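Structure record follows, encoded as structure tokens.
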Amino acid sequence: MVKTVTSYECEICNEKYNDLRKAEKCESKGKEEPLLQLHQEVFLRRSMGGGWSDWWLPVRVSEIEDMGHFFRYELEEENEDGLWFRTSYGTLYGKSDVERDIRFK
């Protein structure tokens, strides 16, 4: 026998829910505006020893992906030969990461 299944989808992130209230709650989170631009040069906070020794590394934005409610930013740094490469620690997820770890030039 065929069964009818009702689900609800957040129009921002496309997450599906069986409960309308949960879908509405997800949607009510809203959507962040992008905070960085592609190829924008900024400084990334780096630290050693649990934050007692912070420094700022010059990087640029190499990729921006819309994740629904927020944006994912990939960063790259320049080597001594002037070539840019993706850093192993250069992924930021949304506004809180950008506000905590980015300083603008």
Side-chain angles (χ1 to χ4, degrees):
M1 174 166 222
V2 176
K3 180 167 97 173
T4 300
V5 177
T6 302
S7 66
Y8 306 91
E9 183 175 294
C10 172
E11 291 186 3
I12 297 171
C13 68
N14 301 319
E15 184 74 28
K16 290 179 178 49
Y17 297 91
N18 293 327
D19 184 319
L20 173 62
R21 290 182 305 266
K22 289 181 180 179
E24 290 173 335
K25 182 178 179 181
C26 183
E27 210 164 87
S28 73
K29 294 175 188 174
K31 182 172 184 65
E32 292 180 357
E33 293 295 321
L35 300 172
L36 302 173
Q37 297 175 7
L38 194 60
H39 305 299
Q40 181 178 5
E41 294 185 12
V42 295
F43 294 101
L44 174 66
R45 178 193 307 268
R46 302 304 311 141
S47 64
M48 181 180 292
W52 60 267
S53 178
D54 287 353
W55 74 95
W56 295 93
L57 177 69
V59 297
R60 74 177 179 187
V61 180
S62 61
E63 184 181 328
I64 301 173
E65 182 180 1
D66 186 341
M67 303 294 289
H69 295 284
F70 63 92
F71 289 86
R72 179 184 60 80
Y73 304 95
E74 290 292 336
L75 305 174
E76 57 188 7
E77 64 180 293
E78 189 175 16
N79 69 14
E80 57 276 351
D81 297 323
L83 302 174
W84 290 89
F85 63 97
R86 184 166 289 170
T87 65
S88 60
Y89 43 77
T91 303
L92 302 176
Y93 295 93
K95 183 178 180 178
S96 60
D97 280 2
V98 170
E99 288 178 343
R100 182 191 63 230
D101 292 332
I102 291 295
R103 187 172 72 189
F104 295 93
K105 286 187 170 187

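This one's a predicted model, so the numbers in the text were calculated from it and none came from an experiment.
- A cation-pi contact, defined as under 6.0 Å to the ring centre and within 45° of the axis, links Arg60 to Trp84.
- Shown are Asp19, Leu20, Asn18; of these, the side chain to side chain contact (heavy atoms under 4.5 Å, CB included) with Tyr8 is made only by Leu20.
- Between the CG atom of Leu92 and the CG atom of Leu75 there is a distance of 5.0 Å, given to the nearest 0.5 Å.
- Under the side-chain hydrogen bond (donor to acceptor under 3.5 Å, both in side chains) criterion, Glu9 pairs with Lys16, sequence neighbours left out.
- Expressed to the nearest 0.5 Å, how far CD of Glu76 lies from CG of Leu83 amounts to 10.5 Å.
- Residues Leu44 and Val61 share a hydrophobic cluster, clusters being chains of Ile/Leu/Val/Met/Phe/Trp/Tyr side chains in contact below 4.5 Å.
- In this structure, Gly94 and Glu32 approach most closely via the heavy-atom pair CA-OE1, 3.5 Å.
- Between Cys26 and Cys13 the shortest heavy-atom distance is SG-SG, 3.6 Å.
- Salt-bridge formation is detected for the pair Arg72/Glu74: a Lys NZ or Arg NE/NH1/NH2 atom is positioned less than 4.0 Å from an Asp or Glu carboxylate oxygen.
- To the nearest 0.5 Å, atoms CZ (Arg46) and CD (Glu77) are separated by 9.0 Å.
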Can I get a per-line list of side-chain donor-acceptor pairs under 3.5 Å for residues 33-43, giving both atom names and the distance, sequence neighbours left out?
| residue | atom | partner | partner atom | Å |
| --- | --- | --- | --- | --- |
| Gln40 | OE1 | Gln37 | N | 2.8 |
| Glu41 | OE1 | Lys105 | NZ | 3.2 |

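- Counting heavy-atom neighbours within 6.0 Å of Arg103 CZ, excluding the residue itself, gives a total above 12.
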- Message: I'd like to know whether Arg45 forms a side chain to side chain contact (heavy atoms under 4.5 Å, CB included) with Trp56, so could you lay out the CA-CA distance, the side-chain angles of the two residues, the decisive distance to 0.1 Å, and finally the verdict.
- Response: CA-CA 5 Å; Arg45 178 193 307 268; Trp56 295 93; 3.5 Å; yes
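- For the atom pair OG of Ser62 and OH of Tyr73, the computed distance is 13.0 Å after rounding to the nearest 0.5 Å.
- The two residues Gly68 and Ile12 make their nearest non-hydrogen contact at O-CG2, 3.2 Å.
- Geometrically, Lys31 engages Phe71 in a cation-pi contact defined by less than 6.0 Å to the ring centre and at most 45° from the axis.
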